[in-house]
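Computed from a prediction, not measured in an experiment: that's the story for all the values here. When a residue number appears, it is its place in the shown sequence, counting from 1. Indexing begins at 1, ligand by ligand and atom by atom, following the structure's order.
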Amino acid sequence: MKFVDEAKIELHAGKGGDGVAAFRREKFVPKGGPSGGDGGRGGTIFIRASRDINTLLEYRYRRIFRAKNGENGQGKDCYGRSGEDLFLDVPMGTIIYDETDDSIIFDLSQDGQIEQLCKGGKGGLGNIHFKSSINRAPRQFTYGEIGESKSVRMELSVLADVGLLGFPNAGKSTLISAVSAAKPKIADYPFTTLHPHLGVVRSGFKGGFVIADIPGLIAGASDGAGLGHQFLKHLQRTKILLHVIDVGTEYPDTASITQGAHEICQELQKYDESLFKKPRWIALNKIDLIPEEEREVFFEELSAALETGLASSEKIFPISSISLSGTTELINSVMEYMSKLEETK
Ligand SMILES: Nc1nc2c(ncn2[C@@H]2O[C@H](COP(=O)(O)OP(=O)(O)OP(=O)(O)O)[C@@H](O)[C@H]2O)c(=O)[nH]1
Ligand SMILES: [Mg+2]
């Protein structure tokens, strides 16, 4: 599924340092000439594309970026130091729009591509530049120029890395809203989610990964039951499927939970064998509804039951999308998995 990750930021290049008017004061040189140096150039803001970043998440937390100002010039022919340039790293594929007229400024399609976004202001001139045959003691100097400023929008089309799968009401939307900034509708009735949503999860992996929340599936979806199963196509290019199972509501009916899990996997297999064969993990959700002291035994029993059929999964994570217990472990495991995939690429 295509999804647009977006961030709006404000950029201010550095101001140039002012030039200065100064005169030489040296022993035995009674009337020293002008010696005021130029101001340094203000820092320029560049944008740099990198294949090592996945999302624009970083730019949703920090929105204003300023490059350093140039230093003012000084006496004794000293020039001010230039302000340091600022490089903003964005994922390859990011498109930069000018917020004022919505025009495209850059389309960063190459890894390592660097473009100048906001030019730093020129430094002012010191009075050494104004010396002439008719004016040997000029007092003129100029001020540094203001750096360029811009408001830009960055857009990136991203594909989901993780796809959520499960019955209506399993808590898929609650999970995505717990681990990402996405705010899908959540309600205690089936088929709350009618359209797929994506959420970006902040993690150490390339600045985050993307989870897709799709409408719930039910048995018979391949024949059109419920909302049907055409939404599964959005999971086609994901790297992991996460099968969310509501174990809290049906606790302690292991047989019914297992049966339900198999139904989902049957629908998946009917839809597409390759999707069915994708790595699929299980999130046992709503564990907050299960008495704490009974959880361990129950999870063991349930894991054993799930292992025997279609729904078998290498990894099972007991979680609560409401109390957030277990969600960090889940996210960390996804992150590790993605990093490994990347290494073997
Ligand atoms: N106690 C408890 N309730 C949860 C948990 N996760 C979700 N719920 C509740 O379960 C109900 C369904 O949650 P949703 O996130 O809308 O479920 P969904 O899987 O997205 O459902 P559809 O969009 O209809 O497919 C809501 O009332 C949630 O508050 C959980 O971990 N614990
Ligand atoms: Mg939902």
**Student:** So that I can tick it off, tell me whether Lys277 and Glu273 are bridged by a salt bridge, with the cut-off set at under 4.0 angstrom between side-chain N and carboxylate O.
**Tutor:** yes
**Student:** What about Gly216: any of its N or O atoms under 3.5 Å from an N or O on ligand 1?
**Tutor:** yes
**Student:** Which atoms of ligand 1 are found less than 4.0 Å from any heavy atom of Pro190?
**Tutor:**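 Those of ligand 1 that fall under 4.0 Å from Pro190 are 24 (O).
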**Student:** Would you please say whether a donor-acceptor pair under 3.5 Å links the side chains of Ser222 and Glu267?
**Tutor:**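 Side chains of Ser222 and Glu267: pair found under 3.5 Å.
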**Student:** Could you list which atoms of ligand 1 come closer than 4.0 Å to a heavy atom of Ala187?
**Tutor:**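 With Ala187 as reference, the close atoms of ligand 1 come out as 11 (C), 12 (C), 13 (O), 16 (O), 26 (C), 27 (O).
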**Student:** Any ion pair linking Arg41 and Asp38 (charged N to carboxylate O, less than 4.0 Å)?
**Tutor:**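 No.
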**Student:** Please determine which of Asp161, Ile211, Asp5 meets the side chain to side chain contact (heavy atoms under 4.5 Å, CB included) test together with Val200.
**Tutor:**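 Of all the options given, the one that passes is Asp5.
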**Student:** Which value, rounded to the nearest 0.5 Å, describes the distance between Ile105 atom CD1 and Ile47 atom CD1?
**Tutor:**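 It is 9.0 Å, given to the nearest 0.5 Å.
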**Student:** Suppose I only count heavy atoms of Thr193 and a 4.0 Å limit; which atoms of ligand 1 are within that range?
**Tutor:** 20 (O), 22 (P), 23 (O), 24 (O)
**Student:** Geometry only, no angles: is Ala170 polar-contacting ligand 1 at N/O separations under 3.5 Å?
**Tutor:** yes
**Student:** Answer yes or no: is there an ion pair linking Lys172 with Asp213, defined by an N-O contact shorter than 4.0 Å?
**Tutor:**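 No, no charged N to carboxylate O under 4.0 Å.
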**Student:** Closer than 2.8 Å to the Mg ion (ligand 2): does that hold for any N, O or S atom in Ser173?
**Tutor:** yes
**Student:** Could you list the atoms of ligand 1 found under 4.0 angstrom from a heavy atom of Thr174?
**Tutor:** 6 (N), 7 (C), 13 (O), 14 (P), 15 (O), 28 (C)
**Student:** Going by the atom numbers of ligand 1, which of them fall below 4.0 Å from some non-hydrogen atom of Tyr189?
**Tutor:**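 With Tyr189 as reference, the close atoms of ligand 1 come out as 24 (O).
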**Student:** Of the backbone and side-chain N, O or S atoms of Thr192, does one lie nearer to the Mg ion (ligand 2) than 2.8 Å?
**Tutor:**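 Not a single backbone or side-chain N, O or S atom of Thr192 is under 2.8 Å from the Mg ion (ligand 2).
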**Student:** Any salt bridge between Arg153 and Asp102, counting N to O under 4.0 Å?
**Tutor:** yes
